[in-house]
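Scroll down for the structure; my scribbles are underneath it.
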There are 2 protein chains.
Amino acid sequence: MTTPTNQDGERRRGRRPGGTDTRAALLTAAREVFSEQGYDNATVRAIARRAEVDPAMVNHWFGGKESLFTEAVLELPFNPQERIAELAKGDLDTLGERVVRTFLTSWDVQDGGIFAALIRSVASRERVASALKEFFQRSVFGQLTEVADDSAELRANLLATQMIGLGVVRYVARFEPVASAGVEVLVKAVGPTVQRYLTGSID
Amino acid sequence: MTTPTNQDGERRRGRRPGGTDTRAALLTAAREVFSEQGYDNATVRAIARRAEVDPAMVNHWFGGKESLFTEAVLELPFNPQERIAELAKGDLDTLGERVVRTFLTSWDVQDGGIFAALIRSVASRERVASALKEFFQRSVFGQLTEVADDSAELRANLLATQMIGLGVVRYVARFEPVASAGVEVLVKAVGPTVQRYLTGSID
DNA sequence: GTCTATACAACGATAGAC
DNA sequence: GTCTATCGTTGTATAGAC
C-alpha cells in the first residue's frame, strides 16, 4: 500500500485525523436515506456520500448494506442475518422446526415488545415502513428459500404469512394460550407448516 | 334501577311514542360501552341501560350481542357470523380450504383496506383494540374449533396465526406474489395448514 | 283490526364466594 | 360441593302506530 500525500486537490488516503466518527456519521446518514428511499432504492454510495465518507467504510464498519440497515434502523438485540446463517447450516428435514424455534427465542425477549413495535411501524404509514417491508421480504424471508428452484418467492411469502401471524398473535394481540405457550409446544404445532412451505408441495 | 318509569312506578309496555329510535340509541350506547369495557366485559344489560331501553331490544333489533358488535363497531361489509355458519355446514374434510377461500373473498374487497384498518386498530393502543381482539378470539376464530374436544383454544389460536398472517402479508405489507395471487393458488397453498390446525395432529 | 315495538319474567349457563 | 349473582337469550302479553 502506497501512502502518498498530494496536497493539490486529491483526497488524502489513509487514516483520517482523530476526532471524526465515521461510524456514527454512517448510522445517521443511513437512517435518513433508508427512510427517504426505502431499502431497495437506497444505495450504499448515496449513504456514504451523505456521511461524506468512502463507500468502502460501510463494509469496514458494518459488513454490508443489510447489517447497516439492521443496526441503524431496526436496532434489534440480535442479528437476523447471523441467525439465518445458523439455520442454513443444519439439516433440511428439520428446518421448519428450527425456524420456528429461532424465531420465538429471538423475539421472546422484552416480552415481545420489539416485535410489536415493528408491526406498529409496518401497519402505520411511517416513512420507514416500506424500508422495513423490503428488508424483511428480501433479506429475511427470502434468504431461506433461495435454494428452492421454483416458486421461491411464493414459498418465502408463505413463510412470512405464518411467522408474522405467529408473532402478531403472540406479541401484539396476545391471544391465549399462544401468548404464554412454551416454545417447544409451538415448535411442534407450527414447525410442520413451515417445513411444508419451505420444502414440501404447495400446489 | 335506571329504567324510566311512569308515575305509578311501572314501565309502560308496548310500542313507544313516535320519534324514538331504539335502534340508533343502542348503536351509540354499544360503541361507548364496548370501547370502555372491551367485548367480554361489556354486557348487553349495561348497553341497554345506557340506551335506556330493555335488554331484549338487543335481540330484537340485532339478533344478539355478537351481531350488535359487528354492526356497531366493526362496520364490515359482510357478517362474520353468517360466513362462519356457512363454513360449519360443509364437509369437515375440506374445511381448511373453505376457510381460506371464504377469508380471502371476504376481505379482498376495497383492495384489502378494511383488513388493514382493522390491523392498525389492533396494533395501536386504541380503546377499541381490546374489544376487537376479544371479539375475534372468542367469536370468530373460536367458533370454528368449538367442535374439537381437546385443545380447542390452541387450535383456534393457531388458526388465527395463519389467517392473520395471511391477511397482513396480502393486505398490509403487500408482499409479492401473495399480494396479487389468485384466490385458488392461496387456497391450495394455505388450505392444508388450516385443515391440520383444525382437525389434524398438532403435538 | 293488524302489525310490531316494547316490557317483563324466566330459563339455562357460568363464574365466584364460601 | 353449594349457593348466589349475573350473564345472554327467549317467550309472551300488551300498548300504541298504522
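In what follows, chains are A, B, ... by sequence order, proteins preceding strands, each numbered from 1.
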Inset, instruction - Under 4.0 Å between any heavy atoms, over every strand shown, what does B:A42 touch: base, sugar-phosphate, or nothing? Just pick one. - result: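 B:A42: backbone/sugar contact only, no base atoms under 4.0 Å.
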Rounded distance in Å - [atom1] ([X]) to [atom2] ([N]):
| X | N | atom1 | atom2 | value |
| --- | --- | --- | --- | --- |
| B:M57 | D:dT10 | CE | C1' | 12 Å |
| B:K65 | C:dA13 | NZ | P | 18 Å |
| B:H60 | C:dT6 | NE2 | P | 8 Å |
| B:L26 | C:dA7 | CG | P | 11 Å |
| B:D21 | C:dT6 | CG | C1' | 14 Å |
| B:I47 | D:dG8 | CD1 | P | 8 Å |
| B:F62 | C:dT6 | CZ | P | 11 Å |
| B:Y39 | D:dG8 | OH | P | 9 Å |

Could you work out which one of [options] sits closest to the side chain of [X]?
| X | options | value |
| --- | --- | --- |
| B:D54 | D:dG8, C:dA5, C:dC8 | C:dC8 |
| B:A56 | C:dT6, D:dC7, C:dC8 | C:dC8 |
| B:N59 | C:dT6, D:dG8, D:dT10 | D:dT10 |

Inset, instruction - Could you check B:D108 against B:R170 for salt bridge (Lys or Arg N to Asp or Glu O under 4.0 Å), going step by step and ending with a plain yes or no? - result: CA-CA 9 Å; B:D108 266 2; B:R170 173 173 254 235; 2.7 Å; yes
Inset, instruction - Let me see the working for B:K89 and B:E86 under salt bridge (Lys or Arg N to Asp or Glu O under 4.0 Å), right down to the final yes or no. - result: CA-CA 5 Å; B:K89 285 181 194 162; B:E86 290 283 325; 3.5 Å; yes
Inset, instruction - First locate atom CZ of B:R45, then atom CG of B:D54, and finally report the distance between them rounded to the nearest 0.5 Å. - result: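 Interatomic distance, B:R45 CZ to B:D54 CG, rounded to 0.5 Å: 9.0 Å.
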Legend entry - Residue pair A:Y197, B:T193: steps toward the side chain to side chain donor-acceptor pair (under 3.5 Å) verdict: CA-CA 9 Å; A:Y197 288 163; B:T193 295; 2.9 Å; yes
Inset, instruction - Map B:R45 and B:R23 onto DNA chain C by nearest heavy atom, then report which one ends up closer to the 5' terminus. - result: B:R23
Inset, instruction - Verify side chain to side chain donor-acceptor pair (under 3.5 Å) between A:S67 and A:E71, making sure each step is shown before the conclusion. - result: CA-CA 6 Å; A:S67 298; A:E71 199 153 337; over 6 Å; no
Inset, instruction - Verify the contact: side-chain N or O of B:T22 to OP1 or OP2 of C:dT6, cut-off strictly under 4.0 Å; return yes or no. - result: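 Affirmative; the distance criterion is met.
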